[in-house]
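In what follows, a single structure is set out as structure tokens and then discussed.
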Amino acid sequence: MNRAHLEWPFFEPEHRRLAQEVWAWARKNLGEHPETDVDRTCQRLVRALGEAGFIRYAVGGQAYGGAKETIDTRAVCLIREALAYHHGLADFAFAMQGLGSGAITLCGNEAQRARYLPKVAQGQAIAAFALSEPQAGSDVGGLSTLAQQEGGTYVLNGEKTWISNGGIADFYVVFARAPGSQGSKGISAFVVDADTPGLEVAERLEVMAPHPLATLRFRDCRIPRAQRLGEEGEGFKIAMQTLDIFRTSVAAAALGFARRALDEALARATTRRMFGQTLAEFQLTQAKLAQMAVQIDTAALLTYRAAWLRDQGRRVTLEAAMAKLTATEHAQQVIDAAVQLWGGLGVKKGQVVESLYREIRALRIYEGASEVQQLIIARELLKAYQKPEEVSV
Ligand SMILES: Cc1cc2nc3c(=O)[nH]c(=O)nc-3n(C[C@H](O)[C@H](O)[C@H](O)COP(=O)(O)OP(=O)(O)OC[C@H]3O[C@@H](n4cnc5c(N)ncnc54)[C@H](O)[C@@H]3O)c2cc1C
């Protein structure tokens, strides 16, 4: 694969070294993977990625096993790009450790960080992020899981769905609201250990690109107050701050899938013969390949701009939304073009492009569907237009 983008000024020498390391590791350790037992594969991958030292980059705080004091967004993106290129489930296993523990890194107190983060970084504990509900996906403020305070405990009742790592996680960061509260106000975040009485896996969900996923049910699930993250009522802000980091990394994963699709397309187009020449010799094919390359570079520029800005300590709501929207939509088109170039073989089960076609689809939906990203971008634009003095330059 062409990795010329590593020369871009967004990166430090340590990022370039890390990218080489993760590519070499992925090539050596991530072969073909049967999708028969995703739970076990995922558990194995989390351990392997922890032992290889990569999950440390998705965790903040060196005292707690993190590679740095804060999450290194560029490192997370480079790792996701490389893992997605080689193995969708490996990317998922890595990403969920970060998303599932991100709220603890951002808002956990010392005891909470010390209890959870080192195990997450080493791949010894599996993390999950439980925000979505059957009636509240895009509309996060509509969530209805209740957290009723009773003395020194909170009692959780409700349902969470589409929870990645649901069923195999060791703990869930759960968002629930105070009784009587509405919208984004009154939501708090809690760390709930998977074996807490009153928490059950209500249903395992199967999707087109198999990943561990579940619906969780909370029935009078009592958790100590010490398990609350941040202040009471800060949950919505915590969820959005966590998503700001990992949204950019979804763009990086899409980029990895798209780069693999382009490589697969080049390999096929240059070897498949028809009408007396190779597929690549047709100008129609060249137009497709050119379009794919442009879509990939556009996505990469937006992704690493957002990652770099965040690593400078800047707020990246707008840039992360642009990166996620562009990278996921472009990757879908690039992968579709690769399937087309592969002809009938492109839809045959077990082909790389066939699995990429299934892998990419959910990325346009989770962590904010494309339409939600468009709304965020427009909102930020309008805000900047109407109150330019509040927008830093
Ligand atoms: C594979 C997978 C993994 C997931 N993992 C997690 C996880 O780990 N934790 C977690 O909490 N959640 C997770 N989710 C849930 C995910 O975040 C939600 O599916 C997503 O937010 C969309 O919510 P929804 O499915 O309820 O769709 P809905 O909210 O019903 O939206 C349906 C569609 O409506 C459109 N839409 C939405 N808003 C607007 C608008 N304002 N204007 C116009 N159109 C709009 C979009 O096209 C959207 O796809 C996961 C989902 C999937 C598919």
Side-chain angles (χ1 to χ4, degrees), residues 35 38-39 42 46 58 80 84 88-89 91-103 120 126-145 156 158-177 183-184 187 189-192 194 201-218 235-236 238-247 249-250 253-254 257 320-321 324-325 328-329 332 355 357-379 382:
E35 288 170 346
V38 285
D39 285 4
C42 209
V46 170
R80 287 201 70 176
L89 209 49
D91 165 60
F92 170 89
F94 170 79
M96 282 314 303
Q97 290 298 91
L99 181 66
S101 68
V120 169
I126 295 185
F129 178 83
L131 179 64
S132 305
E133 298 184 358
Q135 303 308 325
S138 305
D139 180 11
V140 176
L143 70 81
S144 62
T145 296
L156 265 55
E159 238 180 53
K160 294 285 171 186
T161 194
W162 301 117
I163 306 310
S164 299
N165 281 342
I168 64 164
D170 292 288
F171 67 86
Y172 299 88
V173 169
V174 178
F175 298 85
R177 66 168 60 260
S184 57
I187 297 173
F190 306 91
V191 192
V192 183
V201 175
E203 188 189 354
R204 293 300 301 270
L205 306 170
E206 284 190 37
V207 287
M208 58 203 277
H211 297 110
L213 269 181
T215 299
L216 308 175
R217 189 170 298 134
F218 298 85
F236 187 82
I238 293 172
M240 294 307 126
Q241 282 176 350
T242 310
L243 288 173
D244 262 0
I245 304 173
F246 290 97
R247 209 163 252 168
S249 82
V250 177
F257 291 137
K324 183 184 183 265
L325 174 68
T328 57
E329 293 289 335
Q332 181 84 64
S355 92
Y357 193 79
R358 290 182 289 107
E359 286 285 355
I360 189 59
R361 192 61 187 85
L363 276 67
R364 293 168 55 211
I365 297 170
Y366 63 58
E367 294 190 38
S370 293
E371 292 79 358
V372 171
Q373 306 307 328
Q374 288 174 313
L375 290 175
I376 293 172
I377 294 165
R379 188 190 64 207
L382 291 167

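Order of listing sets the numbers, starting from 1, for every ligand and every atom in it. These numbers come from the heavy atoms of this one structure, side chains and all, not from hydrogens, waters or symmetry mates.
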Quick check: M96 and ligand 1, any N/O pair under 3.5 Å apart?
no

Starting from atom 9 (N) of ligand 1, locate the nearest protein heavy atom and write down its residue, its atom name and how far away it is, to 0.1 Å.
F129 O, 2.7 Å

Identify the protein heavy atom lying closest to atom 53 (C) of ligand 1, giving its residue, its atom name and the separation to 0.1 Å.
A362 CB, 4.2 Å

R247 side chain vs A321 backbone, donor-acceptor pair below 3.5 Å
no

Taking heavy atoms and a distance under 4.0 Å, where does E367 meet ligand 1: side chain, backbone, both or neither?
backbone

Quick one: nearest non-hydrogen protein atom to atom 21 (O) of ligand 1, plus distance?
G137 C, 3.6 Å

Any donor-acceptor pair under 3.5 Å from E329 side chain to R364 backbone
no

Can you name the atoms of ligand 1, numbered from 1 with element, that are less than 4.0 Å from a heavy atom of A369?
46 (C), 48 (C), 49 (O)

R217 side-chain N/O to A202 backbone N/O, donor-acceptor pair under 3.5 Å
no

Between E133 and T145, a side-chain donor and acceptor under 3.5 Å:
yes

Could you tell me which atoms of ligand 1, counted from 1 in the order shown, lie closer than 4.0 angstrom to a heavy atom of I365?
19 (O), 20 (C)

In this structure, atom 52 (C) of ligand 1 is nearest to the protein heavy atom Y366 CD2, 3.8 Å

Which segment of N165 sits under 4.0 Å of ligand 1 when only heavy atoms are counted:
neither

The single option from W162, F175, Y172 passing ring pair (Phe, Tyr, Trp, His ring centres under 6.0 Å) against F129
F175

Is atom 34 (O) of ligand 1 touching the protein, meaning some protein heavy atom lies under 4.0 Å away?
no

I'd like to check which ligand 1 atoms, numbered from 1 as shown, lie under 4.0 Å from a non-hydrogen atom of S138.
21 (O), 22 (C), 23 (O), 28 (P), 29 (O), 31 (O), 37 (C), 38 (N)

Is it the side chain, the backbone, both or neither of L99 that has a heavy atom closer than 4.0 Å to ligand 1?
neither

Using only heavy-atom distances, determine whether the side chains of Q135 and S144 contain a donor-acceptor pair under 3.5 Å.
no

Nearest heavy-atom contact between P212 and F92 is CD-CE2, 3.5 Å

Among G100, S370, S132, A127, whose heavy atom sits nearest atom 15 (C) of ligand 1?
S132

Atom 48 (C) of ligand 1: any protein heavy atom closer than 4.0 Å
yes

Do any non-hydrogen protein atoms sit less than 4.0 Å from atom 30 (O) of ligand 1?
no

Sub-4.0 Å atoms of ligand 1 with respect to non-hydrogen atoms of E371:
44 (N), 45 (C), 46 (C), 47 (O)

Among L89, V38, D39, which residue satisfies the side chain to side chain contact (heavy atoms under 4.5 Å, CB included) criterion with H211?
L89

Return the residue, atom name and 0.1 Å-rounded distance of the protein heavy atom closest to atom 4 (C) of ligand 1.
W162 O, 3.2 Å

Any heavy-atom pair between the side chains of L213 and T161 that's under 4.5 Å?
no

Would you check whether V207 reaches within less than 4.0 Å of ligand 1, judged by its heavy atoms?
no

Heavy-atom nearest pair, V250 first then K324, reads CG1-CE, 3.7 Å

Between the main-chain N or O of G183 and the side-chain N or O of R177, is there a donor-acceptor pair closer than 3.5 Å?
yes

Which protein heavy atom lies closest to atom 42 (N) of ligand 1, and at what distance to 0.1 Å?
L375 CD1, 4.2 Å

Taking atom 5 (N) of ligand 1 as the point of reference, which of A214, S164, A239 owns the nearest heavy atom?
S164

Mark yes or no for whether Q97, through its side chain, and V120, through its backbone, hold a donor-acceptor pair below 3.5 Å.
yes

